[in-house]
Amino acid sequence: MAPNKICICNICNCGRHRCPVHNKTGLRLGDDKECKVTEYTSKYPAYDIDRVPSFKPQPQLIRDGGKLDDATTFKTDYKPWEASHSIRGDPSRKEYQMPSAPFEGMPTYKAHYTEHALNPNKSYKPDNYIDANKAPFEGNSMYKTEYTPKQNELCPAVELPKHGYKFLETDRQGHQFYTK
């Protein structure tokens, strides 16, 4: 009597372990058959209709054959003013003369400023005194105190010998067979 052969695809219950034959990407139907096409593609009837033509005008080159004129609207509308290099301002005004008095180096702000004593305002902020409670500080959040750890079930395909499975063979297609 031949030993009971079980493929690793049948042992795994988490969906992450597959033998090299089974494709990881195809869709799975209820009876565990792979589907290469979606249900939408198989049930949707194809209609033979033409696409609606675009209302956008097609780009085309317009050839006039006329001479290219460089006269823009700015050139035609703008009339330049007659400019002359004459002296502006009051002609009776004299040229600037440097003052003859020596520079003292003291600005008027500094000369007129009177310094006052600095009295800082009293702060109404409470002192660094902490009224310590007698209760100890735990420092845990509600999430941390109410958290209950959950046990994750390991897939039996992770450690096959530990769960009583022994490797038998790999067939020509690539199925990995185990026995219990």
Side-chain angles (χ1 to χ4, degrees), residues 12 14-30 32-150 152 155 174:
C12 172
C14 68
R16 285 186 242 145
H17 304 94
R18 300 214 178 277
C19 61
V21 174
H22 291 99
N23 188 3
K24 294 180 182 175
T25 55
L27 292 175
R28 296 296 224 180
L29 299 176
D32 208 30
K33 292 181 182 173
E34 284 192 336
C35 177
K36 298 294 180 195
V37 235
T38 63
E39 190 176 272
Y40 173 79
T41 311
S42 61
K43 288 187 176 181
Y44 181 77
Y47 298 107
D48 282 334
I49 58 171
D50 292 334
R51 298 188 117 215
V52 177
S54 175
F55 290 109
K56 186 177 167 183
Q58 296 295 323
Q60 56 190 14
L61 186 62
I62 300 172
R63 295 180 188 228
D64 189 11
K67 182 182 168 193
L68 182 64
D69 191 15
D70 71 336
T72 61
T73 53
F74 180 77
K75 278 187 179 179
T76 57
D77 295 346
Y78 174 72
K79 303 294 181 211
W81 290 84
E82 289 291 325
S84 63
H85 295 285
S86 62
I87 300 171
R88 294 182 188 171
D90 187 11
S92 64
R93 201 165 171 193
K94 296 179 183 172
E95 232 179 84
Y96 175 73
Q97 302 231 339
M98 293 282 289
S100 59
F103 179 64
E104 295 175 6
M106 174 74 73
T108 54
Y109 174 79
K110 201 166 191 180
H112 295 195
Y113 176 74
T114 54
E115 194 169 336
H116 300 284
L118 188 66
N119 295 326
N121 295 336
K122 182 186 179 299
S123 174
Y124 290 99
K125 179 180 159 185
D127 296 332
N128 288 338
Y129 173 73
I130 298 173
D131 187 20
N133 292 342
K134 304 300 179 205
F137 176 67
E138 293 177 10
N140 290 336
S141 63
M142 291 299 292
Y143 178 80
K144 193 170 186 178
T145 55
E146 294 180 3
Y147 175 74
T148 54
K150 296 174 179 55
N152 291 340
C155 179

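Keep in mind the model is a prediction, meaning the values are calculated, not measured. What you see below is based on every heavy atom in this structure, not just the backbone, and it leaves out hydrogens, waters and symmetry mates.
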Trainee: Output every pair passing ring-ring contact (aromatic ring centres under 6.0 Å, His included) with a member in residues 46-70, not counting sequence neighbours, ordered by first then second residue.
Mentor: none
Trainee: For a quick test of your reading: what N or O donor-acceptor pairs under 3.5 Å do the side chains of residues 91-116 make, sequence neighbours left out?
Mentor:
from: Ser92; atom 1: OG; to: Asp90; atom 2: OD1; distance (Å): 3.0
from: Ser92; atom 1: OG; to: Asp90; atom 2: OD2; distance (Å): 3.0

Trainee: If you count the non-hydrogen atoms of other residues, nucleotides and ligands that lie under 6.0 Å from OH in Tyr78, is the total more than 12?
Mentor: yes
Trainee: By side chain to side chain contact (heavy atoms under 4.5 Å, CB included), which residues pair with Lys56, not counting sequence neighbours?
Mentor: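 Result, side chain to side chain contact (heavy atoms under 4.5 Å, CB included) vs Lys56: Ser54.
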